[in-house]
Amino acid sequence: CIRCGAWQEATPNGDYYEIHNQGQLRWFADQVSNKGQTTINARLMASFAMDSTEWTPIGTESNPFAGKFDGNGNTITGLTCTDESKDYVGLVGYANGAVIQNVTVQDAALKGHYYIGTVCGFIVGGTITGCTNSGSTVSGGYYLGGIAGYAADTTVQRCVNSGAVTSKYSKIGGIVGTANRATVQDCGNIGTVTREGHGSEYGGIIGEASGNPTIQNCYNADKN
């Protein structure tokens, strides 16, 4: 039953599993996060909507995603995470050396504690290229981004955020919450970035700059 969030095994094609629907996406996430198949690759073959069943992100701290996720220009609509105590929330939760590209996350509602981004909550040593947050909401504590919550030694490029990022504290950005020795280039934010607490580390592109990150050719249209 794809409609109720059941898994459906994805079809392998060469080095990639082809993802046509939410059941196959949930299966892929389970293979990485619970079965430890961290280096497998996925390619979206269609745009599709998720139902309201709680989303379990691709990759965890114990099983970090290290493969390739190619959105292939497609859109995933309606990812939902409601557990405000959860860390590492996003389409991809925790990634190490992963390549994430060409995917739009639309109208998602992602809540959590630390490390939340529509595309990836936490990533180290990877790339995020050509990804979009279209109208999704991100809310939680620290390390929140419209695209990535925390990015270390990672390049984030040609990404756009038009969603809302709201933090109880700080370290929040329209593109990346904390950029640690990361490069953020050719990105744009037209969404809103709001801190409800008294933290000072927030911004339209990045919230916290750590380890001398590189910010190039980016624009921010957020008035807050």
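For the single chain, residues carry numbers from 1 onward in sequence order.
Transitive grouping of hydrophobic side chains (ILVMFWY, heavy atoms separated by less than 4.5 Å) brings Ile215 and Leu144 into a common cluster. In terms of hydrophobic clustering, with Ile, Leu, Val, Met, Phe, Trp and Tyr side chains grouped at heavy-atom distances under 4.5 Å, Trp27 and Ile76 are assigned to a common cluster. Linking Ile, Leu, Val, Met, Phe, Trp and Tyr residues whenever their side-chain heavy atoms come within less than 4.5 Å places Phe65 and Leu79 in a single cluster. A continuous path of Ile, Leu, Val, Met, Phe, Trp and Tyr side chains, each step under 4.5 Å between heavy atoms, connects Val92 with Phe48, placing both in one hydrophobic cluster. Using a 4.5 Å cut-off between side-chain heavy atoms of Ile, Leu, Val, Met, Phe, Trp and Tyr, with links allowed through other members, Val99 and Ile58 fall into different hydrophobic clusters.
Heavy atoms only, all atoms of each residue included: Ser210 and Thr178 are closest at CB-CG2, 4.5 Å. The heavy-atom pair separating Cys218 from Ile205 by the smallest distance is CB-CD1, 3.9 Å. The two residues Pro213 and Ala209 make their nearest non-hydrogen contact at CG-CB, 3.7 Å. Across all non-hydrogen atoms, the minimal contact from Ile123 to Ile100 is CD1-CD1, 4.4 Å. Of all the heavy atoms in Lys68 and Asn41, the pair that sits closest is N-OD1, 2.8 Å. Minimum heavy-atom separation, Val89 to Pro57: CA-CG, 4.2 Å.
The side-chain heavy atoms of Met45 and Thr11, taken from C-beta on, include no pair separated by under 4.5 Å. A 4.5 Å side-chain heavy-atom check between Val32 and Ile40 finds at least one atom pair inside the cut-off. Side-chain contact check for Gln8 versus His20: every heavy-atom pair is 4.5 Å or farther apart. With a 4.5 Å cut-off on side-chain heavy atoms, Val138 and Thr118 count as touching. Counting only heavy atoms from C-beta outward, the side chains of Val119 and Asn133 never approach each other to under 4.5 Å. Looking only at side-chain heavy atoms (C-beta outward), Ile128 and Cys120 come within less than 4.5 Å of each other. Counting heavy atoms from C-beta on, the side chains of Trp55 and Leu91 come closer than 4.5 Å. The shortest side-chain heavy-atom distance between Asn63 and Ser33 does not fall under the 4.5 Å cut-off.
Looking at Thr60 and Ser62, their side chains do bring a donor and an acceptor atom within 3.5 Å of each other. Side-chain contact check for Gln106 and Thr77: at least one donor-acceptor pair (N or O, by modelled atom type) lies under 3.5 Å. In the model, Gln185 has no side-chain atom that pairs as donor or acceptor with a side-chain atom of Thr155 under 3.5 Å.
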Trace of the side chain to side chain contact (heavy atoms under 4.5 Å, CB included) decision for Glu84 with Lys168
CA-CA 11 Å; Glu84 295 183 5; Lys168 296 176 183 178; 3.8 Å; yes
Given side chain to side chain contact (heavy atoms under 4.5 Å, CB included), test Glu54 with Cys81 step by step and report yes or no.
CA-CA 6 Å; Glu54 190 85 359; Cys81 293; 4.0 Å; yes
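Between the side chain of Ser162 and the main chain of Gly135, a donor-acceptor pair closer than 3.5 Å is present. Within the 3.5 Å criterion, the main-chain N or O of Gly78 finds a donor-acceptor partner in the side chain of Thr80. Looking only at distances, a side-chain donor or acceptor of Asn72 sits under 3.5 Å from a matching main-chain atom of Leu44. Asp186 contributes no side-chain N or O that, together with a main-chain N or O of Gln157, makes up a donor-acceptor pair within less than 3.5 Å. Glu61 contributes no side-chain N or O that, together with a main-chain N or O of Tyr94, makes up a donor-acceptor pair within less than 3.5 Å. Distance alone, capped at 3.5 Å, is enough to place a donor-acceptor pair between the Ser136 side chain and the Val105 backbone. With hydrogens and angles disregarded, no donor-acceptor distance shorter than 3.5 Å links the side chain of Thr154 to the backbone of Thr127. Remark: side-chain polar atoms of Asn13 are not paired, donor with acceptor, to backbone N or O of Tyr16 under 3.5 angstrom.
Residue Arg43 holds its CZ atom at 11.0 Å from CG of Asn74, rounded to the nearest 0.5 Å. Put simply, CD1 on Ile172 and OG1 on Thr166 are 7.0 Å apart, with the number rounded to the nearest 0.5 Å. The OH atom of Tyr114 lies 8.0 Å from the CG atom of Asp87; values are rounded to the nearest 0.5 Å. The OH atom of Tyr150 sits 5.5 Å away from the CZ atom of Phe122 when rounded to the nearest 0.5 Å. For the atom pair NZ (Lys171) and CD (Glu201), the distance works out to 3.5 Å, reported to the nearest 0.5 Å. Atom NZ in Lys111 sits 12.5 Å away from atom OG in Ser85 (nearest 0.5 Å).
The aromatic rings of Tyr142 and Tyr169 lie parallel to each other, with less than 30° between the two planes, well short of the 60° mark.
Partners of Tyr143 according to the side chain to side chain donor-acceptor pair (under 3.5 Å) rule, which considers only residues two or more places apart in sequence or in another chain, do not exist here.
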